[in-house]
Structures are given as structure tokens and as C-alpha cells.
Protein chains: 2
Amino acid sequence: MRSPEALAQRFREANLKVTPQRMAVFEVLGTGPGHPAAEQIHRSVVEKLPNVSLRTVYQVLRELSELGELVMLDLGTGAVRYDHNLTQHHHLVCDECGAVVDIPAHLTEVQYAGVADLGVSVSTAELVMRGTCSPCHAAGSTTAESTKPSSQPTMQQLGDPHA
Amino acid sequence: MRSPEALAQRFREANLKVTPQRMAVFEVLGTGPGHPAAEQIHRSVVEKLPNVSLRTVYQVLRELSELGELVMLDLGTGAVRYDHNLTQHHHLVCDECGAVVDIPAHLTEVQYAGVADLGVSVSTAELVMRGTCSPCHAAGSTTAESTKPSSQPTMQQLGDPHA
DNA sequence: AACTAATCAACAATCATTGTTGATAACGGC
DNA sequence: GCCGTTATCAACAATGATTGTTGATTAGTT
Ligand SMILES: [Mn+2]
Ligand SMILES: [Mn+2]
Ligand SMILES: [Zn+2]
Ligand SMILES: [Zn+2]
């Protein structure tokens, strides 16, 4: 993620005005955790700058992704997650809390040279893992299962389940 | 994918009745292409058995997935794709036509032992590739781009774009 | 200061999916 | 074949994330 100032510069170069709303989104993205959904970003933004509409947040996020400064991730969690990690990496979706964890590419090995035989060409390849995140592991044997009898992956407190 | 008869047996064992609607879905899944969405399955089903409601098709597909006979795939294509390939494999989503192509696991190499250092545990890992499917490649330099100026991935004719 | 873009509130609309309901049809065990 | 229990039907309503719209207002940029 580039600095709010760098993003502001990027917007000006694209003939997009640098408004306080946009700056607020830039700042929230820089400080917040990894993979927020639009609603969470909005919640953080209004703390700094009230009266910013959710509609505007969606709009700014889209602009950022169109400029390549943000990646929209659809990992089947119900809402798009916005990723400001621009390095090559993969993701793990926690079955218990819905968190999305970055998996640095160097911790994995992914090869798919053989697929050329199928006549397809690959432009991107991402590894999507499901499992349990580190904080849920820690809470796992103590209190976690008491609050979650055996239901579906809830993904409830999207903010930061472990804070 | 197991045979319609095997699926019927499976349903009976689960105290689910084997109705003509359910059989029709079983049969369509066996003959159809790889990764249809619910609407396509419904279209095929009504050809054999009119008056089957889309609601019922959704219901049967869910039952099949709850019995582990079908996998619901959310690959960010807008609608859930239903996969009757129960072998371990990965997927490629065609940027041009939206098709989902099976990538046999033996054509790839995926390792992620290193992620244990992060304190996470992985239960499943799927490789999701984006690129161009084989038929789109064939059509690519001839007629494809003429029909698709430069718009977003359209994923229009979900049926089978190449038939 | 002026031009133009951006934002606001307040909605409506989309789309895939699931829920509901009351009536009808049909499977399966006997 | 009967009957109890399920399943399905049509016809909607509801969900939830996202985008569209509109008319008025605010505010960057030059
Ligand atoms: Mn990430
Ligand atoms: Mn598949
Ligand atoms: Zn977790
Ligand atoms: Zn294709």
C-alpha cells in the first residue's frame, strides 16, 4: 500500500480530485488490517470524517482498484474484500472467523507448467486455502467452541475478531 | 459423478424420496458439461421434465452438496458453479467466456508446508487460475475479439460458449 | 472566482439465492 | 392399492452486496 500522499498524487495525475473523503479512505486503508470489506472501511472512515456515505466509499474503492492501487478479492465470503497488499501472495480464509490471512508467496510452491497441454493459457494463479487462522487456533481449545456450537462458518464480527 | 441410480440409492438411504425432479437433476448433471450454474441446470432439466421450478433445482443441488456428491464452487463469477468432479483438481476461469476448466491436480504442483510457521492450519487448498480457455484460444485470432470489443469479462452465454 | 467534479441523502434496482405459504402431487412402506 | 409423510408447485417476499439515479450542495483546481 502506498502512502496517502502518494495516492493523492496518483489521483491528481488521473484528473481525479483529492477530496477529504478520498483522503480519509486512503488513510484508513493504510492503517487498518488486511482485508476489510466495504462496510468496515466505511465504519472506520466515518470515525474520522462523519457524513461520508457508504456510496462514496464504494466509489473510491473502485477507483483505487481501477488505478491498480487496490485489489478486489472475491473469496466467497459474501462481500468483496479489499486488499492493499500489492506483493505477490496467496490467501487463507479462516473457517471459524472469516478472516483472510496473507500467505507470502515464498512460503508456498505453485507450479502449473503442465497445463499448457490443455491448450489453456494462464495469466494469474492464486492459491486459496481454507482452514484456521492463528488467533482462532489460540482461542480454539479454550473458549471458541463454546460460543460456536457447530454452526456454519459465521464470519460474524468482521471488524477484527481478535483484537 | 456417480450414476443417477447410485445417487438415487444414496437419497433413499438418507430418507429422501427419489422424485422425477430429483432424477432429472441427477441425469442432467451426469451428461452436461463441467461447471454449470443453477440456471443452466434448470434450463436443461425443464427440457426433459417441464414445470420443474428453479426453486426445486436449487433445493436438489443443495441436498446433493450436503451429501458430498456435488461441490458448490464460488469462483467470483457471479453465480455458484456446481461441480460433479469429485477428484482432486483445480480450476481455470476463462477471462473471455467465463468457462470454468478443470485442471487435474497432477498437472500442477502445490506445496505449502511453510505456512505452519504462520500458526495457521490448512484444511483445503485450491488453485484458482485466470486466463484463456482452449476454445477461446482457437477462436481468439479469428472472430472472438470482433464480438467483444474490449469490455469487461462478460460471461454472457453461460450455456456452453463453444458448442 | 469560475468551472467542473465530487458528494450528499434518499431511494430504486439489480441479481443470485433462500424463505414462505397453502394447495396439490407423489414416493415408499405396508 | 392406501395412507402418511415428503416433495413440489406457483407466486411471491426477503435477503444482502453492490450499483444506478437525481437534484441540490460542496469544494478542488486552475
Ligand atoms: Mn492479501
Ligand atoms: Mn471442477
Ligand atoms: Zn479465525
Ligand atoms: Zn473461454
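These numbers come from a predicted model, not from an experiment.
Between L61(A) atom CG and dT7(C) atom P the separation is 12 Å, expressed in whole Å. Computed from coordinates, the E63(B) CD to dT17(C) P distance equals 16 Å when rounded to whole Å. For I41(B) and dA16(C), the CD1 to C1' distance is 14 Å, given to the nearest whole Å. As rounded to whole Å, 15 Å separates atom C1' of dC15(C) from atom CZ of R81(B). Between the CD atom of E39(B) and the P atom of dT14(C) there is a distance of 15 Å, given to the nearest Å. Counting to the nearest Å, the P atom of dA25(C) and the CG atom of N51(B) are 12 Å from each other. Regarding M23(B), its CE atom lies at a distance of 12 Å from the P atom of dC27(C), rounded to whole Å.
In terms of heavy atoms, D83(A) sits closest to L70(A) at O-CD1, 3.3 Å. Residues G98(B) and R81(B) come closest through the heavy atom pair O-NH2, 3.0 Å. Across every non-hydrogen atom of D102(A) and P104(A), the tightest pair is O-CD, 3.6 Å.
Counting heavy atoms from C-beta on, the side chains of T56(B) and T19(B) never come closer than 4.5 Å. For the pair E126(A) and V110(A), the minimum side-chain heavy-atom distance is 4.5 Å or more.
Listed pair R62(B) / dT17(C) fails the phosphate criterion, with no side-chain N or O lying under 4.0 Å from OP1 or OP2. At the phosphate of dC8(C), OP1 or OP2 sits under 4.0 Å from a side-chain N or O atom of S53(A). For the pair Y58(B) and dT17(C), the criterion of a side-chain N or O lying under 4.0 Å from OP1 or OP2 is met.
At the heavy-atom level, R22(B) lies under 4.0 Å from the strands shown only through sugar-phosphate atoms.
Ranked by how close their nearest DNA chain D nucleotide is to the 5' end, M72(A) and P20(A) are led by M72(A). Comparing Q21(B) and R55(B), the nucleotide of DNA chain C nearest to each residue sits closer to the 5' end for R55(B). A residue-by-residue look at Y82(B) and T19(B) shows that Y82(B) has its nearest nucleotide of DNA chain C further toward the 5' end.
Using the six-membered ring where Trp is involved, H91(B) and H35(B) have ring planes that are perpendicular, over 60° apart on the 30 and 60° scheme. Note on ring orientation: taking the six-membered ring where Trp is involved, the planes of F11(A) and F26(A) are perpendicular (angle over 60°, cut-offs 30° and 60°).
Closest contact between the side chain of K17(B) and the listed nucleotides dA16(C), dT18(C), dG28(C) involves dG28(C).
Of all nucleotides in DNA chain D having an atom under 4.0 Å from a heavy atom of chain A, the first and last in 5' to 3' order are dA17(D) to dT29(D).
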